[in-house]
Amino acid sequence: MDILLAIAIMALGAVVLGALLGFASVKFKVKGDPLIEKIEAILPQTQCGQCGYPGCKPYAEAIANGDEINKCPPGGIEGVQRLADLLGREVKPLDAEEKPKQIAIIDENTCIGCTLCIQACPVDAIVGAAKQMHTIVAQQCTGCELCLPPCPVECISMQVIGENIDNWKWKYPVVEIKSEMRKAAAMKAAA
Amino acid sequence: MLMNLFKFKGGVKPPTNKTQSVNLPIAQAPLPSRLVVPLHQSIGGMPQPVVEAGDKVLKGQLIGEADGWISAAVHAPTSGTVVEVAMHVQPHPSGLDALCVVIEPDGKDEWIPREPVDYKSLPPEEVRERLQQAGVVGLGGAVFPTHGKLTASKTVPMDELIINGAECEPFITCDDLLMRERAEEVVRGIGIFRDLLQPKKVLIGIEDNKPEAAAAMRLAVQALGESFAVVQVPTLYPAGGAKQLIRVLTGKEVPASKRSTDLGVQCFNVATAYTAWRAIAHGEPVVSRLVTVTGNVHEPRNYEVLIGTPMDELLKLAHPHPDTDGIIMGGPMMGFLVPDRQVPVVKATNCLIAHDDRLFPPKAPEMPCIRCGACAQACPHELQPFEMYWFSRAKNFGKTQEYNIFDCIECGCCSYVCPSRIPLVQYFRFAKSEIWAREREKNAADQAKLRFEFKQLREEREKAEKAEKLAKAAAAQAAKKAAEAVAAAAAAGESGAAPAADTAAAPAVATPTDAPTATVNPEKEAKRATIEAAMARAKAQREAVQPKNVDNLSPEQLKAAADIEARRIAAHLIEPQPADQTAPLDPNN
Ligand code: SF4
Ligand code: SF4
Ligand code: SF4
Ligand code: SF4
């Protein structure tokens, strides 16, 4: 009798724990591939396709599958560095020229309202309607340049976003210890 | 009044250097040759210019309209002509330009009509709105729009209203002189804040090295019959930091993640209270402020200065010594060397110090950190500057945040005591601005990603919708053709069409002509009808020769035949589509 009770208790325990585990695996399921997501979080989301993939996510997937980490020019060398840190790979020089951050500007007097650029923009940063002048919402433009080639009247140009008071950063404090030391030494010598 | 005071940890006692500039009363600075008024002088939205070059303006006229609730209006400091609205170098450590309105004074200093009001008769919202319209901002240095701090929290009762007259930074005496000479108006301004916030207590904190100011304030409080407490706090830098003063007067600790209102405390500077009173009771927007001019000058003094006055013109009034080689805006602890002597006085300018090597000897070179811990002992926020320094230097920003770098108020106590002369605050500023920039980039990237994914989703949906439409159109055409085939078959059967076939054919012929009428114009419609008729005839001709055994079919059989036909045509549609389209063009009918 006792042994039957023991078996029953163990069986009950097994069922309960099994149910719990099953529930946990559904409830705390890890969505997607966490590595790809981490890689994608580092990519700048410019969606320009310069890496040879149709967007940042496909490139993130490709990196996860072993592609090189130095193909994203908008991410710059800093992006390569962070990818290298994440993946434990070696830092490589960027496979292209690093460009300063820029945004597209439409010359509104030349625009013929053909809507071709709207279709090209990956982030819907261009507003306009057929035969109406188009314009670019500066805050949303990622500077991917994809709208330049389709424009039949070449009225879109890229403008570098310079430093202004709002985006200015304090510089890394540099003290030229050597020259300062030399100065100090010279002063001592003079005295 | 006796009061239990609390203490904050750390703090330093640098030489105060205040006595030089308190001997002379406040003087009115003369009109400068021109005024360069930056539009963005407060925290929050950048005010939009509402004047153009060539406009005549009067003193106090609006020149920059507040953009959003957290933003404060900007006004013409004197009457004259707007010369330009253009980019000019700012009193900012970056030395970058920002949009300014440049005004050439006409010398008359003529006010716009001012509209004094009795604020007690106004609803609180209107008082706040008037303060925003008058450009009243925190004059202690943070320049946060004052009206934004004057709404009492609905959840936390307002316990204490703190008025900051501590003025702890060395050299600066403008608040001291303001309290000495204009105490009554300061107290009246505090009254406005009190009425809007309804606190249980009002505490005016003044460092005990300013007995004259404290006495004047006490007198004014008494004369106006107010119940404000004037409290003298020990002189210890940075007792005038908002969080330190709150700590000293109430014992409450405000963490970086919270605002003081969450703890039932709000804090204003004495000069802010003064300008608020002028704005409400005299209708005067903020067009000037008190500035201490001191340092390497013959005659250190406080001046009432129009906003936009070039700093070098102001400095000249105090007769700087010839070896002056720069201007510090603010005090020696938190101020900075302005990038250009021409930069204008703004609402945040409380002090100009003429810089020379005697007053501020160049720092000897930085040495390695010996981890002596002096900085941690001096830090009023109980941070560990040497750890934050280490990680800022290594650009390990995540770690600096773990050490609460955003609790740092950049008071400079740590740099002041560091025996290795490490410019600690500079490292912290660098780290903070890097972290902010990263945050901005991350937000932009997240937004771009969202928009990109949305666009993809939309394109996919559009594609699906298109495919569905095509399929529907194909199905409709198939059905139509099937019906036509039946009709043709019926017509081909010479022996008086079966009534069932007739009824089946009639609507089938009717539908293709009926349905599009709603959308297509009659001309096109007519053409279409003729084409359709031609198609039907051609089909009928073709079909006429083929099926011989369709006579006298039962309706069931007819229907089955039509179904089969429909399927056939549907299958046909996949390959001989062009053939079908050429049929109507066939000119032989
Ligand atoms: S190059 Fe960089 S930003 Fe451009 S699509 Fe590829 S990963 Fe995205
Ligand atoms: S506006 Fe042009 S450059 Fe900017 S995101 Fe769109 S396509 Fe790219
Ligand atoms: S005071 Fe200077 S030397 Fe001492 S621990 Fe701090 S940073 Fe290091
Ligand atoms: S500057 Fe920052 S870290 Fe240094 S003492 Fe002040 S609050 Fe502390």
Side-chain angles (χ1 to χ4, degrees), chain A residues 37 40-49 54-58 60 74-76 78-79 81-82 85 101 103 118-125 137-144 146 161-185 187, chain B residues 38 40 46 87 89-99 336 362-368 389 392-396 410 415 421-438 440-459 462:
Chain A
E37 263 165 40
E40 208 195 346
I42 294 175
L43 296 176
Q45 305 297 330
T46 307
Q47 315 292 2
C48 61
C56 300
K57 190 166 194 165
E78 206 190 310
Q81 187 100 42
R82 288 170 65 195
D85 287 349
K101 178 136 179 53
I103 54 169
I118 294 190
Q119 292 159 36
C121 177
V123 292
D124 289 333
V137 184
Q139 285 100 321
Q140 277 146 10
C141 173
T142 65
C144 69
L146 291 180
I161 308 176
E163 205 175 37
N164 58 42
I165 287 202
D166 293 323
N167 69 14
W168 175 80
K169 294 191 279 185
W170 285 88
K171 302 292 170 285
Y172 189 72
V174 270
V175 190
E176 282 178 53
I177 293 181
K178 271 200 183 138
S179 74
E180 291 275 342
M181 296 263 230
R182 236 179 278 132
K183 232 190 271 166
M187 262 155 82
Chain B
H40 203 185
M46 154 110 183
M87 303 293 276
V89 58
Q90 294 296 299
H92 186 268
S94 66
L96 291 169
D97 294 358
L99 203 58
F336 58 91
K363 265 197 164 184
E366 174 184 338
M367 302 294 277
Y389 155 67
S392 306
R393 204 180 127 111
K395 301 187 187 169
N396 188 342
E410 300 174 18
S415 310
R421 301 170 297 259
I422 300 171
L424 294 159
V425 181
Q426 282 183 40
Y427 281 99
F428 305 155
R429 286 176 172 156
F430 158 74
K432 284 187 195 176
S433 66
E434 282 298 325
I435 294 168
W436 280 321
R438 257 155 231 222
R440 274 199 303 270
E441 263 164 39
K442 182 90 191 84
N443 286 344
D446 284 348
Q447 234 209 348
K449 185 176 167 198
L450 223 68
R451 295 180 72 85
F452 178 61
E453 277 166 5
F454 180 74
K455 173 156 180 165
Q456 278 187 321
L457 207 77
R458 197 188 62 220
E459 274 172 354
E462 272 166 11

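All chains are named by letter (A, B, ...) in the order of the sequence lines, taking the proteins before the strands, and each is independently numbered beginning at 1. Computed from a predicted model, the values in this text were never measured in an experiment.
- Heavy-atom distances place the backbone of A/Pro54, and not its side chain, under 4.5 Å from chain B.
- Rounded to the nearest 0.5 angstrom, A/Asp124 CG and B/Leu450 CG are separated by 11.5 Å.
- Of the listed residues B/Glu434, B/Met46, B/Gln447, the one with more heavy-atom pairs under 4.5 angstrom with chain A than any other is B/Glu434.
- Interface summary for chain B: among A/Glu163, A/Lys57, A/Gln139, the most heavy-atom pairs under 4.5 angstrom belong to A/Glu163.
- Only the backbone of A/Asn164 comes within contact range of chain B, with heavy atoms under 4.5 Å apart.
- Counting heavy-atom pairs under 4.5 Å between each of B/Lys432, B/Lys449, B/Glu453, B/His92 and chain A puts B/Lys449 at the top.
- In this structure, the separation between OH on B/Tyr427 and CH2 on A/Trp170 is 14.0 Å, given to the nearest 0.5 Å.
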Before giving the answer on side-chain contact (heavy atoms from CB on, under 4.5 Å), spell out for A/Val123 and B/Lys455 the whole-Å C-alpha distance, their side-chain angles and the decisive distance to 0.1 Å. CA-CA 7 Å; A/Val123 292; B/Lys455 173 156 180 165; over 6 Å; no
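- Put simply, the side chain of B/Ser94 never gets that close to the backbone of A/Trp168: no donor and acceptor are under 3.5 Å apart.
- Here the closest non-hydrogen pair linking B/Arg440 and A/Asp166 is NH1-O, 3.7 Å.
- For the atom pair CZ (B/Arg451) and SG (A/Cys121), the distance works out to 8.0 Å, reported to the nearest 0.5 Å.
- At a 4.5 Å heavy-atom cutoff, the contact between A/Pro122 and chain B is made by backbone and side-chain atoms alike.
- Evaluation of the side chain to side chain donor-acceptor pair (under 3.5 Å) rule for A/Glu78 yields B/Arg438 as partners, not counting sequence neighbours.
- The shortest heavy-atom contact between B/Asp97 and A/Ile165 is O-CG1, 4.0 Å.
- A distance of 8.0 Å separates CZ in B/Phe430 from NZ in A/Lys169, rounded to the nearest 0.5 Å.
- When each of A/Lys101, A/Glu40, A/Gln45 is checked for heavy-atom pairs under 4.5 Å with chain B, A/Gln45 comes out on top.
- With a 4.5 angstrom heavy-atom cutoff, B/Pro362 does not touch chain A via any of its atoms.
- In terms of heavy atoms, A/Pro44 sits closest to B/Ala445 at O-CB, 3.5 Å.
- A cation-pi contact links B/Lys395 to A/Tyr172, judged by a cut-off of 6.0 Å to the six-membered ring centre and 45° from its axis.
- Summarising the geometry, atom NZ belonging to B/Lys442 is positioned 9.5 Å from atom CD1 belonging to A/Ile42; distances are rounded to the nearest 0.5 Å.
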